[in-house]
Amino acid sequence: MFDALLDEDATTLAALVHRGELSARELTQAAIDRMEQREPLIKAFCTATPELALQQATAIDARRRRGETLGALAGVPLAVKDLICTAGVKTTSGSAAYADFVPQEDDITVERLLAADAVLLGKTTAPEFGYSGVGHNPLFPSPRNPWDLSKTPGGSSAGSGAALAARLCPMALGSDGGGSVRIPAAHCGVYGLKASMGRVPLWPGCRDERYPGVSSWESLEHIGPMTRTVRDSALMMSVMAGPDMRDRHSIPCNDVDWLTALNKPLDGLRIAFSADFGYITVDPEVRDVVTQAARRFARELGAELEEVDPGIADESATFAALVAFESDLAGMRQMQTALGSRMSPHLAAMLQRDWRAENFTDANTTRKKLCNQMWRFMQRYDLLLSPTLAVPPFPLNMQGPEVIDGRMVRSDHWLSFCFPFNFTGQPAASVPAGFTASGLPIGMQIVGRHLDDGLVLAASAAFERIQPWNHIACSFGVTHD
């Protein structure tokens with residue numbers, strides 16, 4: 001009876017706990033039971049916390065019996081990416097250097113979610129310090145994509161995406177420095193939102209100088225919700241958003257009512273669509289599925305859709321330089337010396353590169369140029385739609401395909417739709433757009449003007465009403481030809 005609970009969304013489950021129709025402990029035990037069944041196949045979690053989850057759930061139930069007011073997420077199981085700090089719970093960041101690291105404080109987002117009575121189910125696997133768009137690292141088995149266990153769930157919030165698609169929990173926390181919420185959302189057929197830079201504060205991740213590797217990506221990183229429904233992400237944002245003195249990038253957020261925004265009128269929208277940004281090589285199935293989804297979305301909304309080239313150039317070298325610039329190169333190079341072959345090869349290669357000051361200043365100048373290009377472009381449009389990724393899920397334990405649609409590409413080319421909006425800080429979401437012929441998920445990216453998070457959320461909810469996805473479940477252990 002209780003196993004089916006995990007197929008419900010977080011909003012529904014929290015309401016059941018609030019009304020006393022379901023106990024937080026019953027819900028938590030259902031999640032633990034399902035993890036025991038499915039986690040050996042999926043390998044989403046690197047550190048499960050069943051005892052802690054039951055303790056938290058028991059405390060929530062006791063408070064409800066005493067008549068105390070419960071938080072918005074009462075009793076709902078939560079998965080947290082292993083790059084995000086959790087007090088008293090091991091946080092390895094996928095690195096042998098932090099294999100036994102137990103933070104003394106929660107990240108701000110974890111602090112707020114737990115204060116809203118979410119229940120911590122465990123930590124989900126990520127690549128080493130998040131420096132990858134997939135999920136493997138030197139410490140733990142690679143998370144599997146529940147739609148096809150031979151394929152990657154994407155990354156770097158790999159385990160969070162896999163846990164959601166496997167329905168081990170109804171909500172998860174990811175982080176996004178170059179697409180890492182949107183990438184696994186697209187590959188796993190779930191919803192992921194990267195709000196505008198500063199909407200969701202970060203600490204200590206990306207901010208605490210004491211921890212090389214962990215302290216990287218300061219002006220690129222966003223923490224965001226990953227859920228199976230748009231409403232659940234709005235619910236999480238209503239808890240997580242808002243300024244905090246520990247994050248100098250955080251901004252006031254009283255201009256967005258996250259739950260009310262779901263029903264924001266969308267009359268007269270001007271929507272831009274690009275299937276390739278003018279330069280990205282895209283898998284033909286991805287191009288076709290997303291193009292049809294974008295056209296259907298605009299048609300059913302009565303919106304104006306214009307297929308355009310937004311003028312975004314290939315700035316992968318700029319992205320790499322910005323990541324390096326915001327890394328503690330001295331501290332991480334010392335770490336590399338100590339770890340030797342226990343460091344991920346692609347990360348070691350980045351650290352071994354002879355970076356010059358001009359690499360960093362040129363990258364910063366190019367970033368400014370792209371920001372200015374995008375605000376000028378978005379003066380003409382309310383939203384920009386595109387594929388989230390250039391390819392469907394591909395085999396495990398590779399950084400990315402080197403051939404797309406018959407063309408040789410870099411192994412990171414498939415990520416090209418995502419990272420520009422970490423440069424600009426614009427809100428961007430990935431919604432499930434459909435499937436390949438072999439049943440693999442494909443995502444569509446919805447990008448808004450800077451700070452227009454409410455419209456991105458409203459558009460996501462409208463697309464979900466037009467083309468629902470949460471009723472479609474994957475078959476575990478079945479691989480596709």
Side-chain angles (χ1 to χ4, degrees), residues 2 5-35 45 47-81 84-89 91 103 105-124 160 163-164 167-174 191 193 199-201 203 223-242 244 253 257-260 262:
F2 291 124
L5 287 171
L6 274 299
D7 295 328
E8 297 286 352
D9 58 67
T11 302
T12 298
L13 293 171
L16 290 172
V17 173
H18 272 279
R19 293 196 300 266
E21 298 175 25
L22 173 69
S23 74
R25 188 176 179 92
E26 288 170 334
L27 177 53
T28 300
Q29 188 62 58
I32 293 169
D33 292 345
R34 180 169 279 190
M35 280 183 66
F45 287 85
T47 303
T49 56
E51 297 85 1
L52 175 62
L54 287 171
Q55 291 172 11
Q56 292 171 341
T58 299
I60 292 166
D61 290 335
R63 288 173 44 225
R64 184 182 59 78
R65 287 193 297 271
R66 292 194 298 266
E68 297 180 20
T69 300
L70 299 184
L73 301 172
V76 179
L78 167 71
V80 174
K81 182 179 182 178
I84 300 171
C85 287
T86 43
V89 176
T91 301
E105 56 190 330
D106 287 321
D107 186 275
I108 295 168
T109 50
V110 175
E111 179 181 284
R112 291 178 176 181
L113 292 167
L114 295 181
D117 289 326
V119 170
L120 180 60
L121 198 57
K123 307 299 292 293
T124 55
S160 289
L164 285 170
R167 303 190 175 222
L168 304 181
C169 55
M171 61 183 187
L173 205 53
Y191 181 69
L193 173 66
R199 289 282 187 198
V200 178
W203 169 266
I223 289 183
M226 299 176 66
T227 57
R228 294 198 306 271
T229 71
V230 178
R231 177 170 289 277
D232 284 354
S233 279
L235 183 61
M236 289 181 71
M237 286 298 297
S238 73
V239 171
M240 297 191 301
D244 190 286
C253 293
D257 184 326
W258 299 98
L259 293 168
T260 301
L262 296 170

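Only a predicted model underlies this, so the values are computations on that prediction, with no experimental measurement involved.
Nearest heavy atoms, Ala118 versus Gln56: O-OE1, 4.3 Å. Annotation for Ala48 and Pro50: closest pair C-CD, 3.3 Å, computed over non-hydrogen atoms. Minimum heavy-atom separation, Leu52 to Leu120: CD2-CD2, 4.0 Å. In terms of heavy atoms, Cys169 sits closest to Leu121 at CB-CD2, 4.1 Å. Nearest approach of Ser160 to Lys81, heavy atoms of both residues: OG-N, 3.9 Å. Minimum interatomic distance between Trp258 and Ser238 (heavy atoms only, all atoms of both residues): CD1-CA, 3.7 Å.
Two residues are said to be in side-chain contact when any heavy atoms from C-beta on lie closer than 4.5 Å; Met236 and Leu173 meet this criterion. Between Pro77 and Leu27 the shortest side-chain heavy-atom distance falls below 4.5 Å. Residues Asp9 and Arg231 are not in side-chain contact: their nearest non-hydrogen atoms beyond the backbone lie 4.5 Å or more apart. The side-chain heavy atoms of Leu259 and Leu235, taken from C-beta on, include a pair separated by under 4.5 Å. In this structure, the side chains of Val119 and Val76 stay at 4.5 Å or more apart for every pair of heavy atoms. Within the 4.5 Å cutoff, the side chain of Met237 has heavy atoms near those of the Val200 side chain. Using a 4.5 Å heavy-atom cutoff, the side chains of Ile84 and Val110 are in contact. Annotation: side chain of Leu78 is not in contact with side chain of Leu73 (no heavy-atom distance under 4.5 Å).
Once rounded to the nearest 0.5 Å, the distance linking CG of Leu16 with CD of Glu26 reads 10.5 Å. For the atom pair OG1 of Thr28 and CG of Asp33, the computed distance is 10.5 Å after rounding to the nearest 0.5 Å. With rounding to the nearest 0.5 angstrom, the CD1 atom of Ile60 is 11.5 Å from the CD atom of Glu68. Put simply, CD1 on Ile32 and CG on Leu168 are 12.0 Å apart, with the number rounded to the nearest 0.5 Å.
Checked by atom type and distance alone, the side chain of Lys123 never pairs as donor or acceptor with a backbone atom of Thr49 at under 3.5 Å. With hydrogens and angles disregarded, no donor-acceptor distance shorter than 3.5 Å links the side chain of His18 to the backbone of Leu13. A donor-acceptor pair under 3.5 Å is absent between the side-chain atoms of Arg64 and the main chain of Arg19, judged by distance alone. A donor-acceptor pair is defined here as one N or O able to donate and one able to accept, closer than 3.5 Å; such a pair exists between the side chain of Thr229 and the backbone of Asp232. Looking at Arg34, its side chain does come within 3.5 Å of a backbone N or O of Arg167 through a donor-acceptor pair. With hydrogens and angles ignored, the 3.5 Å screen pairs a side-chain donor or acceptor of Arg112 with a backbone N or O of Met240. A donor-acceptor contact shorter than 3.5 Å is absent between the side chain of Thr47 and the backbone of Gly122. Between the side chain of Glu8 and the backbone N or O of Leu5 there is no donor-acceptor pair closer than 3.5 Å.
Judged by distance alone, the side chains of Thr58 and Arg25 do bring a donor and an acceptor atom under 3.5 Å apart.
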Decide yes or no on side chain to side chain contact (heavy atoms under 4.5 Å, CB included) for Tyr191 and Leu164, but give the supporting numbers first. CA-CA 9 Å; Tyr191 181 69; Leu164 285 170; over 6 Å; no
Applying side chain to side chain contact (heavy atoms under 4.5 Å, CB included), run through Ile108 and Asp106 and close with a yes or a no. CA-CA 6 Å; Ile108 295 168; Asp106 287 321; over 6 Å; no
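Listed by chain and residue number, Arg65, Arg66 satisfy the side-chain contact (heavy atoms from CB on, under 4.5 Å) test with Ala62 (two or more places apart in sequence, or in another chain).
Between Asp117 and Arg63 there is a salt bridge, with a side-chain nitrogen of the basic residue lying less than 4.0 Å from a carboxylate oxygen of the acidic one.
Applying the salt bridge (Lys or Arg N to Asp or Glu O under 4.0 Å) definition to pairs two or more places apart or across chains, none involves residues 48-57.
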